[in-house]
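To start, the structure under review is shown below, and the notes come after it.
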Amino acid sequence: MAVDGKVIITCAVTGAIHTPTMSPHLPITPDQITHEAIAAAEAGAAILHLHARNPETGQPDQTPEAFAKFLPRIKQGTNAAINITTGGSPYMRVEERVLPAAQFKPEVASLNMGSMNFGLYHLLDKYKEFKFDWEKTHLEATRDLVFRNSFKDIQYILETCYDNDTRFEFECYDISHLYNLNHFAERGLVKPPFFVQSVFGLLGGIGSHPEDVAHMKRTADRLFGDQYRWSVLGAGAAQLRVAAQAAALGGNIRVGLEDSLWAGKGKLATSNADQVKLARKLIEGLGMQVATPDEARAILSLKG
Ligand SMILES: C[C@H](N)CC(=O)CC(=O)O
Ligand SMILES: [Zn+2]
């Protein structure tokens, strides 16, 4: 819940879902990722969720070397908390996916709380021509893709990062994922407050209807009571609508070009900061305030 009316904005700067042909504004190179991350923080993002890409082709790159090309500069340029993905790309194995978080010991790392179909092939209806061959394959192959996050995979990431005092952004794409988180809580493998990032509107997970958002919150309230901090992300066109509903319900918000390329209906976002500014307007419009990085650290008990 927004603590003392402070709402945490997370910005997911580039991700591993969208591809270069989809938007000229998708940051690919280390310079672009660095610039976009710092600008998003200046606009109000307290947490920066980071993936790396091949600077030439934009292909997801989960090697620590790729992250090392922008992490130090981002840390120098902003006080925002760093959140390194352990999801990588849904095609990767968990041993590869956990490497950057294990090496850089960030304040936050994402943790996907269940296996699921991860559909992107429907985007092929929209984009006919692609700059790079891998883009079409990347989308097409999701027709038969299972994003694997077995209990063993999840425990492997938890144990690999345990001594780093890294806390997790628990990505819950469906109600069952909340129960999986509860399972690890009961086993004492995760400690509160749980930063629950509910994902809405990704093909293979829960939808983005207001009933879905309400159902996810009701279930999390019942399972975790005051032991969790709720945040939401809406995929694609649902981003701002889901953010508005959640903020009104006391939730925190995730935006960024990883989750949506848009800044309103049919309008391509020209930067991550664009979306952060829209989120800020929402929050302040509701009479709440945007949490600073240090306020977010206090709310989420981050190591700082
Ligand atoms: C829907 C988002 N792409 C979820 C995500 O951010 C996964 C991760 O990086 O671990
Ligand atoms: Zn991610």
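As a basis for the values below, the full set of heavy atoms in this structure was taken, side chains included, without hydrogen atoms, waters or symmetry mates. We're numbering straight along the sequence, starting at 1. This structure is a prediction, so every number in the text was calculated from the model and none was measured. Both ligands and their constituent atoms are indexed starting at 1 by order of listing.
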Original post:
Does the side chain of Gln155 pick up a donor-acceptor pair with the side chain of Glu159 at under 3.5 Å?
Top reply: yes
**OP:** Identify, by atom number and element, the atoms of ligand 1 in contact range of His51, meaning under 4.0 Å from any of its heavy atoms.
**Re:** 9 (O)
Original post:
Any idea which atoms of ligand 1 are less than 4.0 Å away from a heavy-atom of Arg254?
Top reply: 2 (C), 4 (C), 5 (C), 6 (O)
Subject >> Electrostatic pair Asp153:Arg93 at N-O distance under 4.0 angstrom >> reply: no
Original post:
Side chains of Gln197 and Glu169: is there a donor and an acceptor less than 3.5 Å apart?
Top reply: yes
**OP:** Just need the protein heavy atom nearest to atom 3 (N) of ligand 1, so name the residue and atom and give the distance.
**Re:** Glu258 OE2, 2.8 Å
Subject >> Element-labelled atoms of ligand 1 that are located less than 4.0 Å from some non-hydrogen atom of Gly87 >> reply: 8 (C), 10 (O)
Subject >> Shortest protein contact, atom 4 (C) of ligand 1 (heavy atom only) >> reply: Tyr173 OH, 3.2 Å
**OP:** Give me the ring orientation class for Phe184 and Phe151: parallel if the planes are under 30° apart, tilted from 30 to 60°, perpendicular past 60°.
**Re:** tilted
**OP:** Identify, for atom 9 (O) of ligand 1, the protein heavy atom at the shortest distance, and state residue, atom and that distance.
**Re:** Thr85 OG1, 2.6 Å
**OP:** Please examine the side chains of Arg167 and Lys303, heavy atoms only from C-beta on, and report whether any two atoms are closer than 4.5 Å.
**Re:** no
Original post:
Looking at Ile17, which atoms of ligand 1 are within less than 4.0 Å of one of its heavy atoms?
Top reply: 3 (N)
**OP:** With heavy atoms only and a cut-off of under 4.0 Å, state how Leu111 meets ligand 1: side chain, backbone, both or neither.
**Re:** neither
Original post:
Have Ser208 and Arg241 got a donor and an acceptor in their side chains that come within less than 3.5 Å?
Top reply: yes
Subject >> Whether Phe170 and Phe168 hold their rings parallel, tilted or perpendicular, with breakpoints at 30° and 60° >> reply: tilted
Original post:
Do any nitrogen or oxygen atoms of Gly88 lie less than 3.5 angstrom from nitrogen or oxygen atoms of ligand 1?
Top reply: no
**OP:** Restricting to N/O/S, name the atom of Glu258 that gets closest to the Zn ion (ligand 2).
**Re:** OE2
Original post:
Are Arg297 and Asp294 within salt-bridge range, i.e. N to O under 4.0 Å?
Top reply: yes
Original post:
Which residue and non-hydrogen atom of the protein lie closest to atom 1 (C) of ligand 1, and at what distance in Å?
Top reply: Leu202 CD1, 3.6 Å
Subject >> Region of His18 engaging ligand 1 - heavy atom pairs below 4.0 Å >> reply: neither
**OP:** Have a look at the Zn ion (ligand 2) and estimate, to 10 degrees, the angle subtended by NE2 (His49) and NE2 (His51).
**Re:** 100°
Original post:
Is the Phe70 ring parallel, tilted or perpendicular to the Phe67 ring (thresholds 30°, 60°)?
Top reply: tilted
Original post:
Tell me, which protein residue and heavy-atom name are nearest atom 10 (O) of ligand 1, and how many Å apart are they?
Top reply: Ser110 OG, 2.7 Å
**OP:** Please confirm whether His49 comes under 4.0 Å of ligand 1, counting heavy atoms of the residue only.
**Re:** yes
Subject >> Whether Glu169 lies under 4.0 Å from ligand 1, heavy atom >> reply: no
Original post:
Side chains of Leu111 and Ile154: closer than 4.5 Å at any heavy-atom pair?
Top reply: yes
